[in-house]
Structure formats: structure tokens, C-alpha cells
Asks: 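This structure is in C-alpha cells; I'll ask about it shortly.
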Amino acid sequence: MAEAAEMIPSISLTNEVLSLDRQSEEWKAMTGKVRGACEAYGVFMLDYENIPLELQQILFKTTAEMFDLPMETKLQYKKPSPKDGGYALSNPYMPLNESIGVYGEEEVRAFEKLMWPQGNPQFCEVINSMTAKVHELNLLLLRMIFESFGIEEYYKEKALDENIICNLRSMKYRLPKENEDPLGFATHVDKSIITILCQNSVHGLEVLSKEGKWIKINIPEGALVVFAGDVLQAWTNGRVEAVQHRVVMSGDKERFSCGFFFVPKYGVSVEIPPQLVDEEHPLRYRSFVYSDYVAKCLTSTRLDALESFAGI
Ligand SMILES: O=C(O)CCC(=O)C(=O)O
Ligand SMILES: [Fe+2]
């Protein structure tokens, strides 16, 4: 049973905070807060003024329309490999969940043409506008974490702004039938650097605390959830640990969520910054190319996929 009382940290990036001088003590305190939440929990809730509630509401209206398309239409968007996104039907492992991954602006247009041959320009507009805002936020958070660890030079040297992309996967969870297991998404860690998640107003997300307790996440309307993925775990030499999470359905409403997975571009290697390796923190991971990791481990349900692929 998940514990309802325990809370994960909540951070607010208001326009006032965003306009702080990046050299100021207040800004440094904010970067410390983001890093601290990642280190202590691997997840936090975020209030971010640049992504208003209305945009999320339009996003979920669009998402519902997309899932309402006839099955044969959705099946046209099946991809040979899940690493390229595509439509994923529910399966015996996760019978309540179906999802559609549309990765990249070009794909958004291709997907629109395939799903709505008569056109649906609002679809592209909403998805691209939301993705652009989340991408900007992702970069900001990653930069804050790197700055707080004192490795902003590494961030610049590796040109991470240019070497990272944002992949969108939308999910729909149907209600379980009587006596059916309410598990919507099985326990996993994300194979991303950071994942930013938003949901319609239906809760169900749970994260595993370091003490081994499941914590229910009741996301306030309009807020976002930020997860550290296992690539951030490698990049910080294990200072940040990817958090295990799952979805458990309850209540009487379908759940929709959109996950924005922030990952290194094809061929980009993850090299552990030497500044984060010392006697107290020996090197935990070898350098690896993210696309090789994904090619080998994306569909693995092992919780220790990163350790087995790149652990020392
Ligand atoms: O639907 C959710 O809230 C979580 C989905 C998730 O964890 C994922 O897609 O990696
Ligand atoms: Fe996840």
C-alpha cells in the first residue's frame, strides 16, 4: 500500500525567480534546491509559470482526440522499434495502458498527416508549443543541476544544449475491470536524463522512497513532475539516483499523461565528469553512447539496466 502522508519536494519557478541574476545568491540557492531534491528523492513537483494550466488543458483535449481515433488508424503509426516512438497497444504486461510516442517536429507533422489526412493544424501547434516550452525548462533544470555540482564548464564543453533532444510520449490508462489488477504502469526507472510529466486531473502516480515506501503523488492542477532518469544518475556518478515509479489506477475516470523524455541525441556519449570522481565517490560508470544503451536495453524491464550496461 502506498503511504499518502509522505510528500516529495515542491519547487516553484515563478517569473520573479526566473528573472534573478544568475550570479546572485538567490539563484544559487534555487539551483541548490533543485539539486537537493534530485539527490534526496530523484523526483520533485514543479510549479512553472511559463507553462500555464490552459496550455495543459488544450494538450489533454488534443491527446484524448488522438486516442479516440479508430484502432486501425492508430495502428498505422506502429514503428519497427519503440526507440523511434510510435503507437503502442496495451499488452498483457500493462493491459490498462496504451501510448503514442511522437519524437521530433518532423514526426509531429508526419503523424498529423497519417492520423488526420484532412489536416489538423491545431494538433501540431499544441504539441510543438508545449514541447518547445518543456524543452526550454529541461535545459534550464539540467543546467541548474550541473551548476550546483560545480560542473557548468563540463556542460558548456560538451555543448549539452545542442546535444539533447526532447521526446514526447502520451499515455492513456483505461479503468480496470472488476477484479482486474489496477496497475497502470509497472515499476521502472526512466532511461532518460530528466523526464517532465504532466497529467489530466486523475492521480495514480507513485514513487518509491529511499526507505522503500511507495509514495502517492497528488499533482496539483497545472503543476509538473520532474524525474531524474538513469542517464542523470550516470552523469552525476551516482550522486543523483533515478527514482523507481509506477502508476496505480483508482477512482472512476480514465487517466491521461504526457511524458517529455529528455535524452542525448543519437551518437552522443555520456562521460562521467572527472570533478565528480574522488576517493569518497569512486567512478561508478564507464563512458557510454546513449543510443547504444537504448538499442540494447530500451525494452528491458530490469531495474538495474544501467548498472548492467555501464556499471563498473
Ligand atoms: O503516466 C504516468 O504518470 C507515468 C508514466 C511513466 O512513468 C513513463 O512513461 O515513464
Ligand atoms: Fe516513467
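Since the model is a prediction, treat every value here as computed from it, not as a measurement.
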Asks: Say you draw a straight line from CG of L197 to NE2 of H245; how long is it, rounded to the nearest 0.5 Å?
Replies: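 These two atoms lie 7.5 Å from each other.
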Asks: Report yes or no: does S269 contribute a side-chain atom to a donor-acceptor pair with the main-chain N or O of E271 at less than 3.5 Å?
Replies: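 The answer is no, because no donor-acceptor pair under 3.5 Å joins these two groups.
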Asks: When rounded to the nearest 0.5 angstrom, what distance separates CZ in F67 from OG in S99?
Replies: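 Going from the CZ atom of F67 to the OG atom of S99 covers 6.5 Å.
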Asks: Would a distance-only check, ignoring hydrogens and angles, find a side-chain to backbone donor-acceptor pair under 3.5 Å from N167 to G101?
Replies: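 Answer holds: no.
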Asks: Are the side chains of L224 and Y48 in contact, using a 4.5 Å heavy-atom criterion?
Replies: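 Yes, close enough: below the 4.5 Å cut-off.
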Asks: If every non-hydrogen atom of G222 is compared with every non-hydrogen atom of Q56, which pair is closest and at what distance?
Replies: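 For G222 and Q56, the tightest heavy-atom pair comes out as O-NE2, 3.0 Å.
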Asks: Quick one: hydrophobic cluster around L183, which other residues, with the 4.5 Å side-chain cut-off, linked directly or via members?
Replies: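 Members alongside L183: V248.
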Asks: Just checking Q122: does its CD atom have more than 12 heavy atoms from other residues, nucleotides or ligands closer to it than 6.0 angstrom?
Replies: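 12 or below, so no.
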Asks: Residues in ring pair (Phe, Tyr, Trp, His ring centres under 6.0 Å) with F185, at least two apart?
Replies: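 F185: ring pair (Phe, Tyr, Trp, His ring centres under 6.0 Å) contacts with H188.
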Asks: Is it the case that the side chain of E112 and the backbone of N120 share a donor-acceptor pair, with hydrogens and angles ignored and the cut-off at 3.5 Å?
Replies: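 Here the side-chain-to-backbone pair exists.
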Asks: With side-chain contact (heavy atoms from CB on, under 4.5 Å) as the criterion, how do L140 and L18 come out once you've worked through the C-alpha distance, each side chain's angles and the decisive distance to 0.1 Å?
Replies: CA-CA 10 Å; L140 177 71; L18 293 170; 3.6 Å; yes
Asks: Would you mind checking if K156 and E152 are paired as a salt bridge, meaning a charged N to carboxylate O distance below 4.0 Å?
Replies: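 Salt bridge absent between E152 and K156.
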Asks: With a 4.5 Å cut-off on side-chain heavy-atom distances among I, L, V, M, F, W and Y, is there a chain of contacts connecting W116 to L114?
Replies: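 Linked within one cluster.
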Asks: So, using salt bridge (Lys or Arg N to Asp or Glu O under 4.0 Å) as the criterion, who are the partners of K296 when residues are at least two apart?
Replies: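 Scan of K296 (salt bridge (Lys or Arg N to Asp or Glu O under 4.0 Å), adjacent residues dropped) gives none.
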Asks: Evaluate side-chain contact (heavy atoms from CB on, under 4.5 Å) for K61 paired with E65, printing each intermediate quantity in order.
Replies: CA-CA 6 Å; K61 191 173 161 280; E65 280 166 14; 3.5 Å; yes
Asks: Would you say the side chain of Y173 lies within less than 4.5 Å of the side chain of S257, judging by non-hydrogen atoms?
Replies: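 The answer is yes, as the side chains (C-beta and beyond) meet within the 4.5 Å cut-off.
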Asks: Please report the closest heavy-atom contact between F288 and A234, naming both atoms and the distance.
Replies: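 Looks like CE2-CB, 3.8 Å.
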Asks: More than 12 heavy atoms of other residues, nucleotides or ligands under 6.0 Å from CD of Q76: is that the case?
Replies: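 Buried by this count: over 12 neighbours within 6.0 Å.
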Asks: Examine the side chains of E16 and T14 and answer whether a donor and an acceptor come within less than 3.5 Å of each other.
Replies: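 Side chains of E16 and T14: no pair found under 3.5 Å.
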Asks: Using every non-hydrogen atom in the two residues, find where G85 and Y103 come nearest and quote the distance to one decimal.
Replies: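 Closest approach of G85 to Y103, heavy atoms only: N-CE1, 3.2 Å.
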Asks: Determine whether a donor-acceptor pair (N or O, by modelled atom type, separation under 3.5 Å) exists between the side chain of Y290 and the backbone of K191.
Replies: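 Pair found, side chain donor or acceptor close to backbone of K191.
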Asks: Report yes if some heavy atom in the side chain of L89 is under 4.5 Å from a heavy atom in the side chain of L75; otherwise report no.
Replies: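 They are in side-chain contact.
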Asks: Please determine whether side-chain contact (heavy atoms from CB on, under 4.5 Å) holds for the pair V231 and I194, giving the CA-CA distance in whole Å, both sets of side-chain angles, and the decisive distance to 0.1 Å.
Replies: CA-CA 8 Å; V231 182; I194 287 174; over 6 Å; no
Asks: Where do L46 and I196 land on the side-chain contact (heavy atoms from CB on, under 4.5 Å) test, with the steps shown first?
Replies: CA-CA 9 Å; L46 182 70; I196 294 185; 5.6 Å; no
Asks: Are side-chain heavy atoms of I193 and I164 found at a separation under 4.5 Å?
Replies: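 In short, these two side chains touch, coming nearer than 4.5 Å.
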Asks: Can you find a heavy atom in the side chain of E254 that is under 4.5 Å from one in the side chain of V202?
Replies: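 Heavy-atom side-chain distance check fails, nothing below 4.5 Å.
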Asks: Would F146 and L20 show up in the same hydrophobic cluster when neighbours are defined by side-chain heavy atoms closer than 4.5 Å?
Replies: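 Hydrophobic grouping puts F146 with L20.
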Asks: Is it true that E98 and K74 make a salt bridge, defined as a side-chain N closer than 4.0 Å to a carboxylate O?
Replies: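 A salt bridge links E98 with K74.
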Asks: Going by atom types alone, do Y154 and W235 pair a side-chain donor with an acceptor below 3.5 Å?
Replies: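 Yes.
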Asks: What closest approach, in Å, do P9 and V43 show between heavy atoms, and which atom pair accounts for it?
Replies: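 Result for this residue pair: CD-O, 3.7 Å.
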Asks: Taking atom CD of Q118 as the centre, does the number of heavy atoms from other residues, nucleotides or ligands within less than 6.0 Å exceed 12?
Replies: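 It does: Q118 CD has more than 12 such atoms within range.
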Asks: Examine L232 and L306 and state if one hydrophobic cluster contains both, with Ile, Leu, Val, Met, Phe, Trp and Tyr joined whenever side-chain heavy atoms are less than 4.5 Å apart.
Replies: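 Yes, because L232 and L306 connect within a single hydrophobic cluster, where side-chain heavy atoms sit under 4.5 Å apart.
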Asks: If every non-hydrogen atom of L13 is compared with every non-hydrogen atom of M144, which pair is closest and at what distance?
Replies: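 Distance-wise, the nearest heavy atoms are CD2-CE, 4.3 Å.
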Asks: Who passes side-chain hydrogen bond (donor to acceptor under 3.5 Å, both in side chains) against K79, sequence neighbours left out?
Replies: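 Only E107 meet the side-chain hydrogen bond (donor to acceptor under 3.5 Å, both in side chains) criterion with K79.
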Asks: Consider only side-chain heavy atoms of I, L, V, M, F, W and Y, link residues closer than 4.5 Å, and tell whether F60 and I58 are in one cluster.
Replies: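 Same cluster: F60 reaches I58 through Ile, Leu, Val, Met, Phe, Trp or Tyr contacts under 4.5 Å.
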Asks: Could you check whether any side-chain N or O of S291 sits under 3.5 Å from a backbone N or O of G267, counting only pairs where one atom can act as donor and the other as acceptor?
Replies: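 Yes.
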Asks: Is there side-chain contact between N91 and N97, with heavy atoms separated by less than 4.5 Å?
Replies: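 With C-beta onward as the side chain, the pair stays apart.
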Asks: Hey, could you give me each pair passing salt bridge (Lys or Arg N to Asp or Glu O under 4.0 Å) that has a residue in residues 177-190? Not counting sequence neighbours.
Replies: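 Checked against salt bridge (Lys or Arg N to Asp or Glu O under 4.0 Å) - neighbours excluded - the pairs reaching residues 177-190 are R174-E180.
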Asks: Can you find a side-chain donor-acceptor pair between Y285 and Q233 that sits under 3.5 Å?
Replies: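 The criterion, which ignores hydrogens and geometry beyond distance, is satisfied for Q233 and Y285.
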Asks: Are the side chain of T31 and the backbone N or O of K28 linked by a donor-acceptor pair below 3.5 Å?
Replies: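 Yes.
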Asks: When you measure from the side chain of K172 to the backbone of T63, do you find a donor-acceptor pair of N or O atoms at a distance under 3.5 Å?
Replies: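 The answer is no, because no donor-acceptor pair under 3.5 Å joins these two groups.
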Asks: What class does the angle between the rings of F309 and Y293 fall in, given that below 30° is parallel, 30 to 60° is tilted and above 60° is perpendicular?
Replies: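 Taking Y293 first and then F309, their aromatic rings sit tilted (interplane angle of 30° to 60°).
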Asks: Which value, rounded to the nearest 0.5 Å, describes the distance between T195 atom OG1 and F260 atom CZ?
Replies: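 Output value for this atom pair is 11.0 Å.
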Asks: Testing the basics here: between P220 and M45, what is the closest heavy-atom pair and its distance to 0.1 Å?
Replies: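 In terms of heavy atoms, the two residues are closest at CD-SD, 3.4 Å.
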Asks: Kindly indicate whether the side chain of T187, heavy atoms from C-beta on, has any atom under 4.5 Å from the side chain of L208.
Replies: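 Counting from C-beta outward, T187 and L208 never come under 4.5 Å.
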Asks: Can you tell me how far apart OG1 (T62) and CD1 (I127) are? Round to the nearest 0.5 Å.
Replies: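 Taking OG1 in T62 and CD1 in I127, the distance rounds to 6.0 Å.
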Asks: Find out whether the Lys NZ or Arg CZ of R109 is both under 6.0 angstrom from the six-membered ring centre of F123 and within 45° of the ring's axis.
Replies: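 No, a cation-pi geometry is absent between R109 and F123.
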Asks: Considering only heavy atoms from C-beta outward, does the side chain of E147 approach that of Y155 to under 4.5 Å?
Replies: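 With C-beta onward as the side chain, the pair stays apart.
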Asks: CE/M66 to OG/S170 distance, rounded to the nearest 0.5 angstrom?
Replies: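 Atom-to-atom, M66:CE and S170:OG are 3.5 Å apart.
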Asks: With distance as the sole criterion, is a donor-acceptor pair present between the side chains of D278 and H281 under 3.5 Å?
Replies: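 There is such a pair between these side chains.
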Asks: Filter on salt bridge (Lys or Arg N to Asp or Glu O under 4.0 Å), then keep only pairs touching residues 30-51, sequence neighbours left out; what's left?
Replies: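 Checked against salt bridge (Lys or Arg N to Asp or Glu O under 4.0 Å) - neighbours excluded - the pairs reaching residues 30-51 are R35-E39.
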Asks: Keeping the roles fixed (side chain from N138, backbone from F262), state whether a donor-acceptor pair exists under 3.5 Å.
Replies: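 Absent.
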Asks: Taking atom CZ of R286 and atom CD1 of I312, what is their separation to the nearest 0.5 Å?
Replies: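 Nearest 0.5 Å value for the CZ-CD1 distance: 8.5 Å.
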Asks: Under a 4.5 Å side-chain heavy-atom rule over Ile, Leu, Val, Met, Phe, Trp and Tyr, are V134 and L53 clustered together?
Replies: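 No, V134 and L53 fall in different hydrophobic clusters.
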